[in-house]
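Reading through the structure tokens given below for one structure.
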Amino acid sequence: MSSDYDKLTKEERQAKDKADREREAAEQATLPYKWHQELGEVDLIVPVPKGTRGKNLDVNIGKQKLAVGLKGQDKILEGTLCKEIKLSADCRPEDQEAVHIHLEKLNKQQWWENVLTHHPKIDTTKIQPENSKLSDLDGETRGMVEKMMFDNQQKQMGKPTSDELKKIEAIQKFQKAHPELDFSQAKIS
């Protein structure tokens with residue numbers, strides 16, 4: 001966000017955020033599909049005429065391209081995906097009224113601003129993700145989250161955090177290696 005946003009009062013921020021959400025909702029409503037995302041995947045529901053069967057569909061999914069239409073007709077949507085996907089996409093008709101397209105993101109740690117690059121963008125900083133399981137995270141992110149949880153728990157109990165424990169351990173090793181030094185007056189922060 002810009003520094004102008006930071007200068008707004010709490011009430012002005014809430015009003016701006018509400019107006020932005022309403023604008024985004026209006027822009028998204030004009031799209032020929034509905035979409036939902038989680039960190040690792042994107043799902044699209046593309047309405048089609050009632051009675052449409054799979055054999056009537058013309059769907060092309062590439063690493064960074066998507067086209068959906070009915071055979072022999074103009075495309076319902078077509079364009080460049082805003083980010084790359086794995087080619088393990090899933091596409092199936094739903095109730096002969098819509099096409100459900102499931103895309104697996106190549107980068108599972110990034111929110112998409114839009115599905116196709118020429119469509120309106122959403123503000124990804126305002127996304128409030130559903131609770132996820134630690135097992136859903138990649139190893140590095142999981143380690144970071146577990147460390148933060150441990151440190152938070154330690155602070156609540158008035159105990160040292162993981163970084164503070166490392167310092168204490170290093171000092172104790174140094175004291176053992178140098179028993180001739182007097183640490184009784186040492187202040188360690």
Side-chain angles (χ1 to χ4, degrees), residues 1-29 34-45 63-64 81-90 100-115 119-189:
M1 285 284 157
S2 69
S3 58
D4 291 343
Y5 184 83
D6 295 334
K7 294 176 186 172
L8 298 175
T9 66
K10 183 180 177 184
E11 292 77 22
E12 290 171 330
R13 283 184 190 177
Q14 288 174 335
K16 180 177 180 354
D17 289 346
K18 183 179 183 210
D20 289 347
R21 280 192 306 275
E22 288 171 356
R23 178 190 46 77
E24 279 182 7
E27 289 174 349
Q28 295 296 309
K34 301 269 183 254
W35 68 292
H36 171 79
Q37 70 176 314
E38 292 183 17
L39 263 179
E41 55 198 39
V42 175
D43 286 290
L44 287 84
I45 301 294
K63 251 182 127 67
Q64 212 165 350
L81 293 167
C82 76
K83 306 279 187 229
E84 284 190 19
I85 60 165
K86 291 184 178 179
L87 286 178
S88 60
D90 180 35
H100 176 222
I101 300 171
H102 178 81
L103 306 173
E104 199 173 328
K105 297 177 180 179
L106 196 59
N107 179 347
K108 294 177 175 277
Q109 301 300 318
Q110 190 173 38
W111 296 110
W112 286 14
E113 294 178 322
N114 51 15
V115 176
H119 285 167
K121 293 182 178 183
I122 61 168
D123 182 355
T124 58
T125 63
K126 302 290 185 201
I127 293 176
Q128 294 184 339
E130 296 175 20
N131 289 337
S132 59
K133 296 179 228 108
L134 279 175
S135 60
D136 293 342
L137 303 173
D138 65 63
E140 183 180 341
T141 306
R142 180 180 177 164
M144 203 168 25
V145 170
E146 286 175 339
K147 180 182 184 289
M148 288 167 45
M149 289 169 56
F150 174 81
D151 289 346
N152 193 33
Q153 222 173 16
Q154 290 290 97
K155 282 181 186 177
Q156 288 176 350
M157 294 187 296
K159 294 182 176 181
T161 64
S162 56
D163 290 337
E164 292 165 341
L165 287 170
K166 283 181 187 173
K167 285 181 189 175
I168 291 167
E169 187 180 321
I171 291 166
Q172 288 173 343
K173 278 185 182 177
F174 188 78
Q175 285 175 324
K176 283 182 184 172
H178 300 282
E180 71 280 3
L181 297 176
D182 178 19
F183 287 91
S184 61
Q185 300 298 316
K187 289 189 170 96
I188 299 155
S189 55

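From Gln14, atom CD reaches atom NZ of Lys10 across 5.5 Å, with rounding to the nearest 0.5 Å. Here the OG1 atom belonging to Thr124 is positioned 8.5 Å from the CD atom belonging to Gln110, to the nearest 0.5 angstrom. Once rounded to the nearest 0.5 Å, the distance linking CG of Leu87 with CG of Leu103 reads 10.5 Å. In this structure, CD in Gln153 is found 9.5 Å from NZ in Lys159, a value given to the nearest 0.5 Å.
A donor-acceptor pair under 3.5 Å is formed between the side chain of Asn114 and the backbone N or O of His119. Within the 3.5 Å criterion, the main-chain N or O of Thr161 finds no donor-acceptor partner in the side chain of Asp151.
In this structure the side chain of Gln28 reaches within 4.5 angstrom of the side chain of Pro120, judged on heavy atoms. Between Lys147 and Met144 the shortest side-chain heavy-atom distance does not fall below 4.5 Å. Residues Lys83 and Val42 form no side-chain contact, since every pair of their non-hydrogen atoms from C-beta on lies 4.5 Å or further apart.
The side chain to side chain contact (heavy atoms under 4.5 Å, CB included) test with Trp111 singles out one residue from Ile122, Leu39, Asp123, Thr125, and that residue is Leu39. Across Glu84, Glu38, Glu41, Gln37, a single residue satisfies side chain to side chain contact (heavy atoms under 4.5 Å, CB included) together with Lys105, and that is Gln37.
For the pair Ser88 and Glu104, the tightest heavy-atom approach, listed with the atom from each and the gap, is OG-OE1, 3.3 Å. Nearest heavy-atom pair, Trp35 versus Trp112, reported as atom, atom and distance to 0.1 Å: CH2-O, 3.7 Å.
Remark: Gln64 engages no residue in a side chain to side chain donor-acceptor pair (under 3.5 Å) (not counting sequence neighbours). In this structure, the side chain to side chain donor-acceptor pair (under 3.5 Å) partners of His100, at least two apart in sequence or on a different chain, are Asp43, Arg92.
Residues Arg13 and Asp20 are not paired through a salt bridge, judged by the lack of any N-O separation under 4.0 Å between the basic side chain and the carboxylate.
The number of heavy atoms from other shown groups lying within 6.0 Å of CD (Glu27) is above 12. Sparse packing is recorded around NZ of Lys155, with 12 or fewer heavy atoms of other residues, nucleotides or ligands lying under 6.0 Å away.
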>> Checking Lys176 against Lys173 for the side chain to side chain contact (heavy atoms under 4.5 Å, CB included) test, could you report, in this order, the C-alpha distance in whole Å, the side-chain angles of both residues, the deciding distance, and whether it holds?
In response: CA-CA 5 Å; Lys176 283 182 184 172; Lys173 278 185 182 177; 5.8 Å; no
> Yes or no on side chain to side chain contact (heavy atoms under 4.5 Å, CB included) for Gln175 and His178, after CA distance, side-chain angles and deciding distance?
Replying inline: CA-CA 5 Å; Gln175 285 175 324; His178 300 282; over 6 Å; no
> When you look at Asp90 and Ile101, which way does the side chain to side chain contact (heavy atoms under 4.5 Å, CB included) test go after all the steps?
Replying inline: CA-CA 6 Å; Asp90 180 35; Ile101 300 171; over 6 Å; no
